[in-house]
Amino acid sequence: MELPVGITTLHFSRKSVYLLVLAVILIGAGGYSYVQQGQAVDDAVAVQATVDSAQVERIDSRRSIDYEPDIEYTYDYQGETYTSEQVFPGPTVRTYSDRSKAESIVRSYEQGTAVQAYVRPSAPGDAQLIRERTPWPARAVAIVGDPLCHGPYPLLGAGGP
C-alpha cells in the first residue's frame with residue numbers, strides 16, 4: 001500500500017497496515033475509556049448506598065483465571081432508586097489475577113452496610129463505589145503510541161531508513 005505524504009510516498013506492507021489499524025483501535029479505546037473515567041470521577045457527587053451483595057467472581061478464560069469484585073448496591077438519587085454493580089468508574093471492568101486483591105476490595109463492602117457511592121448527575125444510573133481511575137487506558141495509549149512514534153521505523157514521526 002502506498003500513501004502520498006507531501007513530496008514523499010510511504011510504503012506499507014499488509015502486515016503494517018493491520019498493525020496500524022489495530023494500534024489506532026487500541027489508542028481510540030484507551031482514549032475513550034480515559035475520558036469516560038475522567039468524567040465519572042470529576043463530575044461525581046457522593047450519595048449513600050446500601051450493599052445488597054458482595055462476593056468475588058471467578059472468571060475463567062482460555063489463558064488465565066481472573067477475579068472480579070462483584071458488589072451490588074442500591075442508592076437513591078433525586079427521588080429515584082437505582083441499583084448498580086459498578087465498582088470503578090468508566091466502561092471497563094477491573095479484574096485481578098490474584099484472588100486476594102479482589103477479596104481485599106470485597107471485604108470493605110459487607111452485605112447490608114451503608115457505604116458511599118459516587119453518581120454523575122448526567123448519568124445517575126451509573127454510580128461507582130471507588131472514585132479512582134483504572135490504569136489501563138493510559139497504559140494502552142502509552143504502550144501502543146510509543147512504538148508508533150519512537151520505534152525503529154516510526155509511523156507518526158520522523159526517522160527510519
- Item | Those residues that, when tested against Glu57, pass salt bridge (charged side-chain N to carboxylate O under 4.0 Å, His left out) (two or more places apart) | none
- Quick one: closest heavy-atom pair of Arg94 and Glu68, and the distance? O-CG, 4.1 Å
- Taking the side chain as every heavy atom from C-beta outward, state whether Leu129 and Tyr75 have any pair of such atoms under 4.5 Å apart. no
- Note on the structure: By side chain to side chain donor-acceptor pair (under 3.5 Å), Ser97 pairs with (sequence neighbours left out) none
- Query: Hey, are the side chains of Asp126 and Gln86 touching, using non-hydrogen atoms and a 4.5 Å cut-off?
  - Reply: yes
- Would a 4.5 Å heavy-atom cut-off, applied to side chains only, mark Val51 and Glu110 as touching? no
- Atom CG of Asp52 and atom CD of Gln111: how far apart are they, to the nearest 0.5 Å? 7.5 Å
- Query: Under a 4.5 Å cut-off applied to non-hydrogen side-chain atoms, are Tyr96 and Val56 in contact?
  - Reply: no
- Message: Would the distance check show the side chain of Ser64 and the main-chain N or O of Asp66 forming a donor-acceptor pair, the cut-off being under 3.5 Å?
- Response: no
- If you round to the nearest 0.5 Å, how far is CD1 of Ile65 from CG of Asp98? 12.5 Å
- Item | Closest contact, heavy atoms only, Tyr109 versus Ala54 | O-CB, 2.9 Å
- Query: Distance-only, no hydrogens or angles: does the Gln128 side chain make a donor-acceptor pair with backbone N or O of Val87 under 3.5 Å?
  - Reply: no
- Item | Residue pair Arg120 / Ser122, side-chain donor-acceptor N/O under 3.5 Å | yes
- Would you indicate whether the side-chain heavy atoms of Val106 and Tyr67 approach each other to under 4.5 Å? no
- Determine the minimum heavy-atom distance between Gly125 and Tyr82, stating which atoms define it. CA-CD2, 3.7 Å
- All heavy atoms of Arg107 vs all of Ser100, minimum pair found to be NH2-O, 4.4 Å
- Message: With a 3.5 Å distance limit and no angle check, can you tell me whether Tyr73 reaches the backbone of Ala127 through a side-chain donor-acceptor pair?
- Response: yes
- Query: Taking it one step at a time, do Ile130 and Ile105 satisfy side chain to side chain contact (heavy atoms under 4.5 Å, CB included)?
  - Reply: CA-CA 10 Å; Ile130 300 175; Ile105 293 172; 4.1 Å; yes
